[in-house]
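These notes concern the structure reproduced below.
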Amino acid sequence: MHLDGGKRRGFFLTLEGPEGSGKSTQAQRLAARLVAAGYPCAVTREPGGTRLGEEIRQILLHGTSPIPAADALLFNAARAQLAAEVIEPALDRGEIVICDRFTDSTLAYQGYGAGQALDSLRELARFAAGGLTPDMTVLIDLPVEEGLSRKFGGPDITRFESHEDVAFHRRVRAGFLALAAAEPDRFLVVDGRQPPDSVEAEIAEALLSRIAQRDKVPRDNAGRSVHESGTASSEPERAPLRMNK
Ligand code: TYD
């Protein structure tokens with residue numbers, strides 16, 4: 001089932017950024033904070049998050065290098081499985097889903113980085129994720145050299161970190177910034193050079209305020225927002241988040 005029923009209750013947050021931006025650490029920290037505040041929360045990642053997705057991850061990150069189009073198809077195959085098996089059911093249960101990378105990574109890496117057409121990549125991601133789009137996306141931005149040096153020598157060096165050149169990663173970073181500039185309502189851009197505590201505090205404040213803002217919108221019985229005229233919107237907005245108290 002895809003996101004067109006108008007009855008969704010959760011909140012979908014994605015974390016994006018170039019190599020070494022600290023997304024995975026922030027995903028865990030944010031989840032701990034949200035759970036402590038009483039919100040049900042699920043953390044997942046791309047590529048991965050399902051059995052098939054983790055198998056595809058091995059091929060993508062540690063196998064032989066596919067051509068960019070095959071790359072895009074494999075990332076989206078993992079995404080299709082993750083959206084249907086993990087993200088949508090969690091949103092239906094009213095959870096906040098934090099996903100470490102999502103469609104914007106394909107646009108930044110395979111699009112801006114590897115030169116695949118952005119329109120085709122968007123269409124492919126729409127097909128894979130069935131129209132599922134994040135409620136909010138945090139871009140943790142930092143200079144390419146700094147990010148790569150944070151990762152260099154780490155335990156899980158992937159094909160992208162070891163084989164791609166610095167110019168590729170510069171295009172990826174510029175791509176992320178362009179995507180954020182094009183959708184300022186969805187994106188929050190955070191300076192990843194700050195200490196992790198400051199990054200966490202900045203994201204948490206913005207996230208909690210967006211959730212609170214969303215919960216203020218009056219709803220009809222089907223969970224759709226009700227405008228001042230009293231008619232329900234046809235937009236598939238979501239009902240207030242459930243809190244475990
Ligand atoms: P990972 O080890 O998870 O890196 P990170 O901690 O930076 O997220 O590896 C994921 C790699 O896959 C990363 O280099 C970005 C790349 N990637 C794409 O090229 N396209 C995509 O659609 C996604 C989701 C990731």
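Order of listing sets the numbers, starting from 1, for every ligand and every atom in it.
At a cut-off of 3.5 Å, with distance as the only test, a side-chain donor of Tyr109 or Arg101 sits close to an acceptor on the other residue. Side-chain contact, Arg122 with Thr106: no donor N or O sits under 3.5 Å from an acceptor N or O.
Between Phe12 and Phe102, the ring center distance clears the sub-6.0 Å criterion.
Contact check on Asp104 versus Arg186 returns a salt bridge, with a Lys/Arg side-chain nitrogen under 4.0 Å from an Asp/Glu carboxylate oxygen.
Heavy-atom proximity to Arg79, at under 4.0 Å, picks out these atoms of ligand 1: 22 (O), 24 (C). Distances below 4.0 Å separate heavy atoms of Lys23 from the following atoms of ligand 1: 5 (P), 6 (O), 7 (O), 8 (O). Close approach of ligand 1 to Gln110 (heavy-atom distance below 4.0 Å) involves ligand atoms 18 (C), 19 (O), 20 (N), 21 (C), 22 (O). Per-residue contacts place Ser105 under 4.0 angstrom from the following atoms of ligand 1 (heavy atoms of the residue considered): 20 (N), 21 (C), 22 (O), 23 (C), 24 (C).
In this structure, of Glu19, His62, Arg101, the residue bringing a heavy atom nearest to atom 8 (O) of ligand 1 is Arg101.
For Glu16, the side chain to side chain donor-acceptor pair (under 3.5 Å) partners two or more places apart in sequence, or in a different chain, are Ser105. For Arg171, there are no side chain to side chain donor-acceptor pair (under 3.5 Å) partners at least two apart in sequence or on another chain.
By the 4.0 Å heavy-atom criterion, Arg57 is counted among the residues contacting ligand 1.
Counting heavy atoms closer than 4.0 Å to ligand 1, residue Arg45 contributes nothing at all. Proximity of Leu61 to ligand 1, defined as any heavy-atom pair under 4.0 Å, is confined to the side chain (atoms from C-beta onward).
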